[in-house]
Chemist: 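The structure that follows is given in the form of C-alpha cells.
Below, read A as the first sequence line, B as the second, and so on, with proteins coming before strands; counting in each chain starts at 1. Since the model is a prediction, treat every value here as computed from it, not as a measurement.
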2 protein chains.
Amino acid sequence: MGTVSKALELLDYFTRSRPLIGLSDLARLADLNKATCFRLLTELAENGFVEQIGTGREYRLGPTVLRLAALREAQVPTREAAMPVLQALAQQTGETAHLSMLMADSLRTLAFAYSAAHVTKVTMEDAETLPFHATSSGLAVLAFQSDAFRSTILSQPFPQLTTNTETNPMALRARLTEVRGLGYAESRGGFQTEVHSMAVPLFDALGRCSGALAVAAPASRMNEPQRRLIRYALMQAGTEITAIWGGSLPSDIATLWRLAA
Amino acid sequence: MGTVSKALELLDYFTRSRPLIGLSDLARLADLNKATCFRLLTELAENGFVEQIGTGREYRLGPTVLRLAALREAQVPTREAAMPVLQALAQQTGETAHLSMLMADSLRTLAFAYSAAHVTKVTMEDAETLPFHATSSGLAVLAFQSDAFRSTILSQPFPQLTTNTETNPMALRARLTEVRGLGYAESRGGFQTEVHSMAVPLFDALGRCSGALAVAAPASRMNEPQRRLIRYALMQAGTEITAIWGGSLPSDIATLWRLAA
DNA sequence: AACCGTCGGTTCAAATAATAAACCGAAAGC
DNA sequence: GCTTTCGGTTTATTATTTGAACCGACGGTT
C-alpha cells in the first residue's frame with residue numbers, strides 16, 4: 001500500500017461517534033508509527049483535509065472536504081438529490097432508512113434518515129463500512145456487480161458477526177442469485193442481532209449498480225404486513241432515486257418492481 | 001513537498017468549469033510525470049476520491065468526498081448552516097453573494113448565491129483561490145489574521161491582475177489597517193475589471209477569523225446608496241453567520257457593526 | 001490504407017522520499 | 001515530585017517513488 005493510501009485511510013477513522021482524534025490515538029488506530037502518522041497528518045492539514053482545534057490539540061476533518069463535496073455534487077448530484085426521497089421513505093415506513101454507496105470496493109453509508117414513529121429505532125451513528133455478506137444493502141449491491149467483482153469479494157473470508165450471519169460462500173452465492181430473482185435483498189439479524197433490514201439496488205447513469213437503499217427495523221416490528229409495506233416503499237423510492245441520478249434500471253429489475261406494485 | 005500533498009493537490013485541478021480531466025491532461029496541469037500521475041490517481045481512485053467514468057476515460061471527483069463532507073458538517077456545521085443567510089443576502093442586495101473560507105493558507109470559495117434581480121451579474125463559475133491582495137474577501141480575512149500570518153503572505157510578490165490591483169506591500173498594509181478600522185473591506189476592480197465587491201470577516205468558535213462573506217457587483221451598479229445597502233446587509237449577515245458557527249465577534253468589530261446599523 | 005499524434009496504461013533501474021526508534025519538553029494524574 | 005502520556009522532532013536505515021522509454025489502441029489526415 002502506498003503512502004498516499006495510508007494518508008487517505010487516516011481520514012476513515014473519523015466518524016460521527018469519534019469526530020476528534022489525537023495524534024497518538026490515531027497512530028494506534030491506524031497501526032502506524034507516531035512519526036509517520038504525524039507527517040501524514042501534517043500533509044493532510046497543509047491541504048485542509050484535517051485541522052487542529054486549539055493549539056497542540058486533537059485533529060478533526062477540515063474544510064477542504066466541503067469544497068470538494070460541493071464540486072462533486074455540482075457535477076453528479078447524489079446525496080442532496082436523494083435526501084428528500086430518503087426522508088420520505090423513513091416517514092412512510094416508520095423505520096430508519098439509509099443510503100449507501102460503493103466506494104472503492106467497500107460499501108459505505110452516505111446518508112440516513114430516522115422516523116419519529118417509534119422511540120426505539122435502528123440508529124446509524126457510525127459511517128462504518130457495511131459488510132457485503134451480512135447486510136441487506138451489501139447483498140443487494142453485490143448481487144448486481146460483475147462476476148469478477150463478486151468473485152473477488154466472495155473469495156475473502158467472512159467474519160461471523162452474529163449467530164445469524166451467513167458466512168458460507170456457496171450459500172451466499174445462492175442468496176445472491178435469489179436476490180437477483182426477487183429484485184431486493186433481506187437480512188435477518190446477520191449484521192446486528194435484533195436488526196432486520198431490506199434493501200434494493202440503485203443504478204447510475206451507466207447502468208452500474210453503485211449503491212443501495214435500505215430500511216432497517218428492530219426484529220420485533222418486522223412482521224409480514226410490514227415487510228410488504230417496506231418492500232413496496234423501497235421499490236418506489238429506488239425507482240425514484242435511480243431516476244434522479246440519471247440512471248436506468250435494468251429491464252428485468254424494472255419489470256420485477258412494477259409487478260410488485 | 002511530500003507524495004501525499006502531490007496526490008491531494010491533484011484534486012484541486014477539478015473545478016466547476018473543468019470537472020473531468022484525463023490522465024495526460026492532469027499530468028501536464030500538475031507538472032508531473034505521467035506515470036507518477038497515474039499512480040497517484042490510482043491510489044486516489046482506490047480510496048474513492050476520484051473515479052473514472054466509462055472504461056479508460058477521464059477522471060472526476062469520487063463519492064468519498066461526500067461522505068467526509070457529511071461527517072465534517074455533522075461536527076462543524078459550516079456550509080449548510082450558512083446557505084440560507086447567503087441566499088437572503090443575495091436577494092436583499094440584488095447581487096452575487098459568496099462565502100469563502102481559509103483552507104491551508106489559501107482562501108477558497110465555499111458557496112455562493114445569485115440574485116435574480118438583474119440579468120447581468122457576477123458569476124462564480126470556478127472554485128478558484130481568492131488572492132488576498134486583490135479581493136475584498138482576501139483583505140477582510142487578512143486584516144484579522146495574526147501578524148505572523150499576515151507577514152508571511154505580504155512577503156510574497158503579488159501579481160498585477162488588473163490595472164487597479166494594488167501590489168505594493170506597504171500600501172496593502174495600510175489598507176489592512178484601514179479595514180480593521182472600518183470593519184469591512186472593499187475592492188474596486190482589483191481582481192477583475194468591472195467587478196466591485198465588499199466583504200466582512202467571519203469568526204469561528206475560537207475567535208479566529210476563518211473566512212469572509214462578500215457581495216460582488218458589476219462596477220456600473222455600485223453607486224453610493226448601493227454601497228450603503230450592501231455594507232449594512234453584510235454586517236447583518238456576518239453577525240448572523242458568526243453566531244450560527246458558534247463564534248463570537250471581536251468586541252471592536254461588534255461595536256463597529258452596531259454603529260453602522 | 002499507411003501514417004501520425006495522442007490517448008491510458010506499464011515497465012524497471014536509479015534516485016529520492018518514507019520510515020521507526022529514541023528522544024524532547026510540557027502537561028496531566030497520582 | 002514522581003510517572004505516564006501527550007504532541008512533536010531527530011536520525012540513519014530502508015523501501016518507495018520517480019521518469020524515460022515503451023505498449024497497444026484509437027481517431028484524424030493524407
Chemist: Does a side-chain N or O from A:Lys6 land closer than 4.0 Å to OP1 or OP2 of C:dT19, or not?
Modeler: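 Yes, A:Lys6 has a side-chain N/O under 4.0 Å of OP1/OP2 on C:dT19.
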
Chemist: Using only side-chain N and O atoms of A:Tyr59, determine if any of them is under 4.0 Å from OP1 or OP2 of D:dG8.
Modeler: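 The answer is yes; a side-chain N or O of A:Tyr59 sits under 4.0 Å from OP1 or OP2.
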
Chemist: Do any of residues 27-44 of chain A sit with a heavy atom less than 4.0 Å from DNA chain D, and if so which?
Modeler: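 Listed by number, they are A:Arg28, A:Lys34, A:Ala35, A:Phe38.
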
Chemist: How long is the line joining CZ of B:Arg57 and C1' of C:dC7, in whole Å?
Modeler: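 In whole Å, C:dC7 C1' lies 10 Å from B:Arg57 CZ.
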
Chemist: Using OP1 and OP2 only, check whether a side-chain N or O of B:Ser24 sits under 4.0 Å from C:dC7.
Modeler: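 Yes, such a contact exists.
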
Chemist: Please tell me whether A:Phe203 and A:Phe144 form a close aromatic pair, meaning their ring centres lie under 6.0 Å apart.
Modeler: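 Yes, close enough.
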
Chemist: Taking NZ, NE, NH1 and NH2 as the nitrogens, is one of them in A:Arg79 or A:Glu73 under 4.0 Å from a carboxylate oxygen of the other?
Modeler: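 Here A:Arg79 does not pair with A:Glu73 in a salt bridge, since their nearest N and O are not under 4.0 Å apart.
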
Chemist: For B:Asp12, enumerate each residue passing the side-chain contact (heavy atoms from CB on, under 4.5 Å) test, keeping only those at least two apart in sequence or located in another chain.
Modeler: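 By the side-chain contact (heavy atoms from CB on, under 4.5 Å) rule, B:Asp12 matches A:Arg67, B:Arg108.
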
Chemist: Using heavy-atom distances to pick each residue's nearest nucleotide on DNA chain D, tell me which of A:Ile21 and A:Gly2 is more 5'.
Modeler: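 This one resolves to A:Ile21.
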
Chemist: Using atom CG of A:Leu23 as one end and atom P of C:dA27 as the other, report the distance to the nearest whole Å.
Modeler: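 About 17 Å, once rounded to whole Å.
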
Chemist: Between D:dG8 and A:Gln52, is there an OP1 or OP2 to side-chain N/O distance shorter than 4.0 Å?
Modeler: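 Yes.
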
Chemist: Quick one: pull up OG in A:Ser137 and CZ in A:Phe191 and give me the separation to the nearest 0.5 Å.
Modeler: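 CZ of A:Phe191 is found 10.0 Å from OG of A:Ser137.
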
Chemist: Does B:Phe132 have its ring centroid less than 6.0 Å away from the ring centroid of B:Phe158?
Modeler: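 Ring centroids of B:Phe132 and B:Phe158 are no less than 6.0 Å from each other.
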
Chemist: Charged N to carboxylate O below 4.0 Å: is that the case for B:Arg72 and B:Glu80?
Modeler: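 Result for this pair is no, no salt bridge flagged.
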
Chemist: Below 4.5 Å, heavy atoms only, C-beta onward: do B:Trp245 and B:Ser210 meet side chain to side chain?
Modeler: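 Yes - at least one pair of side-chain heavy atoms lies under 4.5 Å apart.
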
Chemist: Can you tell if the side chain of B:Cys37 reaches within under 4.5 Å of the side chain of B:Leu26, non-hydrogen atoms only?
Modeler: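 B:Cys37 reaches B:Leu26 side chain to side chain.
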
Chemist: Would you work out how much the helix from C:dA1-D:dT30 to C:dC30-D:dG1 bends between its ends, with each end axis defined by five base pairs, to 10 degrees?
Modeler: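 Helix axis angle between the two ends: 40°.
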
Chemist: Quick one: is C:dA17 close enough that its OP1 or OP2 comes under 4.0 Å of any side-chain N or O from B:Thr3?
Modeler: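 No, B:Thr3 has no side-chain N/O under 4.0 Å of OP1/OP2 on C:dA17.
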
Chemist: Could you pull out the closest heavy-atom pair between A:Ser248 and A:Thr242, with the gap in Å?
Modeler: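 Scanning both residues, the minimum pair turns out to be N-CG2, 3.8 Å.
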
Chemist: Roughly, in whole Å, what's the span from CG in A:Leu26 to C1' in D:dG8?
Modeler: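 Result: 15 Å.
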
